[in-house]
Amino acid sequence: MKISQYLIALGLALGSLTHANAAARDTIIHADGNPIIRHKFTADPAAMVYKDKVYLYTGHDEAAPGHNGYTMHDWTCFTTTDMVNWTEHPSPMNVKAFHWAKDDAWASQVIERNGKFYWYVAVEHGTIHGKAIGVAVSDSPLGPFKDARGSALVTNDMTKAVKHSWDDIDPTVIIDKDGQAYLFWGNGICYYAKLKSNMTELDGEIKTITLPHYTEAPWIHERNGWYYLSYAYEFPEKIAYAMSRNINGPWEYKGIINEIAGNSNTNHQAIIEFKDKWYFIYHNGALVPDAGSFHRSVCIDYLYYNKDGSIKRVIMTSEGVKPAK
């Protein structure tokens, strides 16, 4: 009898624990203006629209209070169907997924191809000096993701356009209308290269793009036959952009679209279309009075175009966006 009672009690306890863990895995968040996420620090947003849902992937600032430096070990994932009500999912990936990487879960982007999801990330390489770009893969946009190569896609010894060791960061990726995929990245210079159809190998040489006052954080998107290459401009960073009719250029510089994001030296953007509206997703340092550059928070505002296809200046607001319908 005692054994039976013990087993029943154990079963109830395990059931309660399982339920608690399940509840902890997904958290519902209602964004009451900007920043949209306030219970943890999120940075370097990248967003993907897939099957009527937005998947938001961010870095995760974990620096101790007052610490003036980046402490980042994993990435976060949030989803929404209306840009206001978000579900936080378990972290799909930690930098430890790359056995060759040392640390620093920096900016990233996820893209879907043929039912698989490829996640391009910037990390510190463990044996080759400097930052590197890795790629992970999953059958689900929620992960778990695993290293797709077992080695870095780009390392510092492959890029020589600038001398510093952190030029291989901030990957952004696009699949063009003809099916050709491209990877853009870089600090101090904008690199780009074709990707093979397997999405895990470069296809040909690494090229560079010269852009006025380019710092980092490229983001590539296309609309109505125009390609837009936005990027962080100067330091502290604003966001500027260039346009081209061809993804290989030439690129025409068009100007600044986002000013310095309050209390943050960095400024990192994602641009998406969802339910017939365009969104500018970025981070600022609004949640802390000091060290905001290392305790950043994701925000969302609308993005608008002029009749000639150029982009209007983004108006950063505390109200944020309304529910998308």
Side-chain angles (χ1 to χ4, degrees), residues 21-29 35-48 54-65 67-80 86-111 116-126 130-154 166 168-173 185 216-217 264 266 268 270 281-283 285 287-288 291-299:
N21 286 341
R25 280 200 293 266
D26 287 343
T27 304
I28 305 301
I29 300 165
I36 63 168
I37 299 155
R38 298 172 183 244
H39 66 286
K40 64 173 57 174
F41 295 114
T42 52
D44 302 328
M48 174 183 68
V54 172
Y55 292 79
L56 173 65
Y57 303 90
T58 83
H60 180 199
D61 281 335
E62 299 182 84
H67 175 68
N68 290 317
Y70 298 111
T71 303
M72 307 177 78
H73 307 301
D74 63 5
W75 294 271
T76 69
C77 178
F78 304 83
T79 59
T80 184
W86 295 85
T87 300
E88 180 180 10
H89 303 278
S91 171
M93 191 167 63
N94 188 292
V95 73
K96 292 179 181 178
F98 303 97
H99 70 84
W100 47 267
K102 184 186 297 183
D103 203 358
D104 294 348
W106 283 16
S108 68
Q109 187 180 346
V110 177
I111 195 169
K116 290 188 178 293
F117 300 86
Y118 297 90
W119 198 342
Y120 300 85
V121 302
V123 296
E124 181 75 14
H125 203 285
K131 290 293 186 284
I133 294 174
V135 55
V137 65
S138 177
D139 292 326
S140 166
L142 300 179
F145 284 80
K146 64 179 182 180
D147 189 350
R149 293 171 46 93
S151 62
L153 176 63
V154 178
W166 58 93
D168 297 305
I169 63 170
D170 296 355
T172 181
V173 64
W185 74 97
E216 58 186 1
S264 175
T266 61
H268 195 113
I281 308 172
Y282 59 103
H283 66 230
L287 294 187
V288 286
S293 292
F294 308 106
H295 299 92
R296 298 161 294 180
S297 300
V298 168
C299 302

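The basis for the numbers below is simple: all heavy atoms, side chains too, and nothing from hydrogens, waters or symmetry mates. Predicted model, so just to flag it, every value in this text is computed and none were measured.
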| task | Please lay out, stage by stage, how Ile29 and Phe78 fare under the test side-chain contact (heavy atoms from CB on, under 4.5 Å). | result | CA-CA 9 Å; Ile29 300 165; Phe78 304 83; 3.8 Å; yes
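- Residues passing the salt bridge (Lys or Arg N to Asp or Glu O under 4.0 Å) test with Asp104 are Lys131, sequence neighbours excluded.
- For the side-chain contact (heavy atoms from CB on, under 4.5 Å) test, residues two or more places apart in sequence or in another chain that qualify with Ala122 are Trp106, Ile169, Pro171.
- Residues passing the side chain to side chain donor-acceptor pair (under 3.5 Å) test with Asp74 are His60, sequence neighbours excluded.
- Here the CD1-NE2 distance, from Ile281 to His268, works out to 11.0 Å after rounding to the nearest 0.5 Å.
- Considering CH2 of Trp185 and OH of Tyr120, their distance stands at 11.5 Å, rounded to 0.5 Å.
- Looking only at atom types and distance, the side chain of Glu62 has no donor-acceptor partner in the side chain of Thr71 under 3.5 Å away.
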| request: I would like to know whether His283 and Phe41 meet side-chain contact (heavy atoms from CB on, under 4.5 Å); could you show each step before the answer? | output: CA-CA 10 Å; His283 66 230; Phe41 295 114; over 6 Å; no
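- The minimum heavy-atom distance between Ala291 and Asn68, with the atom names listed, is CB-OD1, 3.7 Å.
- The shortest heavy-atom contact between Ala46 and Ala270 is CA-CB, 3.9 Å.
- Put simply, the side chain of Val173 does not reach to within 4.5 Å of the side chain of Tyr118, judged on heavy atoms.
- A donor-acceptor pair under 3.5 Å links the side-chain atoms of Ser91 to the main chain of Trp75, judged by distance alone.
- In this structure, the side-chain contact (heavy atoms from CB on, under 4.5 Å) partners of Ala136, at least two apart in sequence or on a different chain, are Met93, Phe98, Trp119, Phe145.
- Residues Val288 and Phe294 are not in side-chain contact: their nearest non-hydrogen atoms beyond the backbone lie 4.5 Å or more apart.
- You'll find the side chain of Ile36 reaches within 4.5 Å of the side chain of Leu56, heavy atoms only.
- Here His99 pairs with nothing under the side chain to side chain donor-acceptor pair (under 3.5 Å) rule; sequence neighbours left out.
- Taking the salt bridge (Lys or Arg N to Asp or Glu O under 4.0 Å) definition, one finds that Lys102 meets it with nothing, sequence neighbours left out.
- For the pair Thr27 (side chain) and Glu88 (backbone), a donor-acceptor distance under 3.5 Å is absent.
- Annotation: side chain to side chain donor-acceptor pair (under 3.5 Å) contacts of His67 (sequence neighbours excluded): none.
- Residue pairs meeting the salt bridge (charged side-chain N to carboxylate O under 4.0 Å, His left out) criterion with at least one member in residues 133-142, sequence neighbours excluded, are Lys116-Asp139.
- By the side-chain contact (heavy atoms from CB on, under 4.5 Å) test, Val54 pairs with Ala47, Val49, Thr80, Met83, Trp86, Ile272, Phe274, sequence neighbours left out.
- In this structure the side chain of Leu142 reaches within 4.5 angstrom of the side chain of Cys77, judged on heavy atoms.
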| field | Intermediate values then yes/no, side-chain contact (heavy atoms from CB on, under 4.5 Å), Trp166 and Glu216 | value | CA-CA 10 Å; Trp166 58 93; Glu216 58 186 1; 5.8 Å; no
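- Counting heavy atoms from C-beta outward, Val95 and Glu124 have side chains that stay 4.5 Å or more apart.
- The minimum heavy-atom distance linking Pro35 with Cys299 is given by the pair CA-SG, 3.8 Å.
- The salt bridge (Lys or Arg N to Asp or Glu O under 4.0 Å) search around Asp61 returns Arg296, not counting sequence neighbours.
- Taking every heavy atom of both residues into account, Pro141 and Tyr57 meet most closely at O-OH, 2.7 Å.
- Separating the NZ atom in Lys96 from the NE2 atom in His73 is a distance of 8.5 Å, to the nearest 0.5 Å.
- Under the rule for a side-chain contact (heavy atoms from CB on, under 4.5 Å), the partners of Thr87 that lie at least two apart in sequence or sit in another chain are Asp26, Ile28, Thr79, His89.
- Evaluation of the side chain to side chain donor-acceptor pair (under 3.5 Å) rule for Tyr282 yields Asp301 as partners, not counting sequence neighbours.
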